[in-house]
Amino acid sequence: MEALSSFPLELTGPEVPMVRFMNVRKTYGDFVVLDNLNLDIAPGEMVTVIGPSGSGKTTVLRMLMTLETINGGVIYVDGKPLTHMPKNGVLVPADAKYLRKARSSIGMCFQHFNLFPHMTALENCMEGPVQVLGLSRREAKERAEELLSMVGMIEKKDQHPARLSGGQQQRVAIARALAMRPKVMLFDEVTSALDPEVIGEVTNVIQDLVTKHNLTMLMVTHQMGFARDISDRICFFYGGKIEEQDTPEELFANPKSKRTQQFLSAVKAAD
Amino acid sequence: MHWDWQFTAEILPRLLWATLNTLMAAGLGYAIAAVLGLVFAIAQRTPFRPLTVTVRELVEFLRSTPLVLQIFFVYYVGPEYGVSLSPWVAGMIAIGLHYAAYLSEVYRGGIESVPKGQWEACTAINLTTAQTYRRIILPQALPLSVAGMGNYLISIFKDTPMLSVIGVAELMQAATAIGGQNYRYLEPYTIVGVVFLVISLFSAASIRGFEAWIRRKLGMY
Ligand SMILES: Nc1ncnc2c1ncn2[C@@H]1O[C@H](COP(=O)(O)OP(=O)(O)OP(=O)(O)O)[C@@H](O)[C@H]1O
Ligand SMILES: [Mg+2]
């Protein structure tokens, strides 16, 4: 593993990526989940991660949300280190205080929504803005209502999550994440826990975000059609490595790696 | 010996008065235990090893030694180190600490049954650890703890007679004193039994009602 001194304190130049994974390694004990991962995501880019179960897709997102620590390399967000902080001219592992500041530009939606069950939809969306961003309740309410309207959930704003369908809960969860005004949004299989007939209401919201907002997004999904429609780039993960990455047109039409071909035909057969 | 209603009427006011002391001892002891128990529970979840280990050992110690020993210890050993406490203060410290240990386990169970995804959602919206506990985790954990907490409220109430060993003027002590003065124990001790029974039944019913209410209030149907 290379010394931290070989990593830059910040990224400079004409085209600073919004996210950079630089030689990132993740292990659980002896088990190597990701080895030497390098991935850049440009500002405003929509990147989708696909791959077989256990290939490390969720782990990539969780590392970026700082839900997992990394065992090697550095992750940068908006040019600044996320997992590390500069100290006396070199990078050292970030402490809790630095992490808190650094992760503020990242938002995440989860497979199982993870809404706060004791709060209404509106309160879920106001919690972060009031507690973390220090907005007044009135400002936070305005912002939350605007976002709930955007995801089509304004009528249900006073309902608790237990009273909402999966698709409705996921749309509230998206609004809750957006209320923090992140620069990067992470979606981990946000439609996997949903009934087929409500998947569309969630994918439509994400589609809207792609076309109308300048968010950088990293998404994991098993829905190949959706990935093809909205992604700028698709990364196929296999065994903790990026086996192949390309535009959706190229990757789906002319997959170069044998493993990509196998995976895509297996997925097609299952559809 | 048969039941003497006139004697009963004579001693009832004094016993009811002592009941107030019993209720106060149980209430105060429980309040201390409820707060301290939460501190113990959260302390055991901090990433700071020396603290978690110390608190875990303390809880283990408090749970595996008799309450009456802890009462004696605080009251009689304290003065040897220059800490002289009144029976009331010593009793409240001992019973509060003892039940804090039990309640911390109840809280811990409640906190552990909040899904991991809730913590992750808090990180994702960047709440501090304190905000995470106060706003998200405890409001979900405490309703789950209400049943266990209620059982210990009744236990602490039933354990207050132990405070009579260091001379706290609660119900048991008053009944014994009345019995000694009049050479009649049937009526005073029977009344004590009835008082404990009534209050225990009433508490159990209130706790069940409270549990249902809090679940409704927090939207957990
Ligand atoms: N906490 C953990 N402890 C040990 N191993 C883990 C842990 N979390 C994940 N792993 C392992 O890391 C590997 C990658 O997991 P990850 O969840 O990133 O896969 P994934 O690509 O998202 O899979 P899926 O499509 O099933 O969601 C798997 O082999 C998994 O078993
Ligand atoms: Mg996954």
Side-chain angles (χ1 to χ4, degrees), chain A residues 58 61-62 64-68 96-97 99-121 123-134 158-164 169 172-182 184-188 193, chain B residues 38 41-52 106-149 209-221:
Chain A
T58 295
L61 265 56
R62 290 175 57 83
L64 189 48
M65 192 63 256
T66 70
L67 294 170
E68 302 286 348
K97 191 170 158 228
L99 272 180
R100 215 174 154 253
K101 192 159 181 304
R103 76 162 78 88
S104 65
S105 48
I106 301 167
M108 181 162 181
C109 293
F110 303 87
Q111 182 173 354
H112 297 286
F113 336 128
N114 301 349
L115 288 177
F116 306 133
H118 56 302
M119 295 180 177
T120 63
E123 287 164 347
N124 264 278
C125 298
M126 290 171 60
E127 187 63 15
V130 170
Q131 302 291 332
V132 178
L133 305 181
D158 295 320
Q159 299 284 354
H160 282 89
R163 290 290 184 83
L164 302 174
Q169 289 189 56
V172 174
I174 293 173
R176 175 177 71 179
L178 291 174
M180 300 303 288
R181 300 270 154 92
V184 183
M185 273 289 280
L186 310 176
F187 296 97
D188 187 16
Chain B
L38 192 56
I42 292 175
Q44 288 183 66
R45 295 186 57 102
T46 59
F48 188 55
R49 281 283 295 171
L51 180 67
T52 61
V106 173
Y107 291 131
R108 219 160 57 104
I111 292 171
E112 273 164 17
S113 39
V114 175
K116 222 171 108 250
Q118 293 290 306
W119 294 88
E120 296 180 348
C122 291
T123 303
I125 63 166
N126 219 0
L127 296 177
T128 63
T129 306
Q131 289 168 337
T132 300
Y133 270 110
R134 189 165 51 78
R135 304 279 312 165
I136 309 301
I137 303 302
L138 293 181
Q140 295 179 65
L142 294 182
L144 298 171
S145 312
V146 169
M149 289 177 74
F210 180 69
E211 200 186 349
W213 175 80
I214 203 161
R215 283 178 168 276
R216 260 199 320 279
K217 180 156 166 63
L218 294 174
M220 299 167 148
Y221 307 98

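Below, chain A is the first sequence line, B the second, and so on; all start at residue 1.
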Among A:Asn114, A:Leu115, A:Leu133, residue most engaged with chain B (heavy-atom pairs, under 4.5 Å):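 Highest number of heavy-atom pairs under 4.5 Å: A:Asn114.
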
Per-residue contact mode, B:Gln131 against chain A (heavy atom under 4.5 angstrom):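 Just the side chain, heavy atoms under 4.5 Å.
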
Under 4.5 Å from a heavy atom of chain A, the part of B:Thr129 involved: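 Contact with chain A involves no heavy atom of B:Thr129 at all.
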
Chain A-proximal positions within residues 41-52 of chain B [heavy-atom distance under 4.5 Å]: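 Residues qualifying by a heavy atom under 4.5 Å from chain A are absent, so none.
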
Validation row: B:Ile125, A:Gln131 side chains within 4.5 angstrom (heavy atoms):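 B:Ile125 does not reach A:Gln131 side chain to side chain.
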
4.5 Å side-chain heavy-atom contact, A:Val172 and A:Cys125: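 Yes, at least one pair of side-chain atoms sits under 4.5 Å.
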
Which atoms of A:Phe116 approach chain B - backbone, side chain, both or neither, heavy atom under 4.5 Å: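 Both backbone and side chain of A:Phe116 come within 4.5 Å of chain B.
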
Residue pairs fulfilling salt bridge (Lys or Arg N to Asp or Glu O under 4.0 Å) with at least one residue in residues 108-120 of chain A, sequence neighbours excluded: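 Every pair satisfying salt bridge (Lys or Arg N to Asp or Glu O under 4.0 Å) with a residue in residues 108-120 of chain A: there are none.
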
Salt bridge (Lys or Arg N to Asp or Glu O under 4.0 Å): pairs with one or both residues in residues 119-136 of chain B, sequence neighbours excluded: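 Qualifying pairs, neighbours excluded: A:Arg62-B:Glu120, A:Glu127-B:Arg135, B:Lys116-B:Glu120.
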
Residue pairs, two or more places apart or on separate chains, that pass ring pair (Phe, Tyr, Trp, His ring centres under 6.0 Å) and touch residues 110-129 of chain B: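 Qualifying pairs: B:Trp119-B:Tyr133.
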
Side-chain donor-acceptor contact under 3.5 Å, A:Asp188 with A:Thr58: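 The criterion, which ignores hydrogens and geometry beyond distance, is satisfied for A:Thr58 and A:Asp188.
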
Spacing of OG1 belonging to B:Thr132 relative to CG belonging to B:Asn126, to within rounding of 0.5 Å: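 Between B:Thr132 OG1 and B:Asn126 CG, I get 9.0 Å after rounding to 0.5 Å.
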
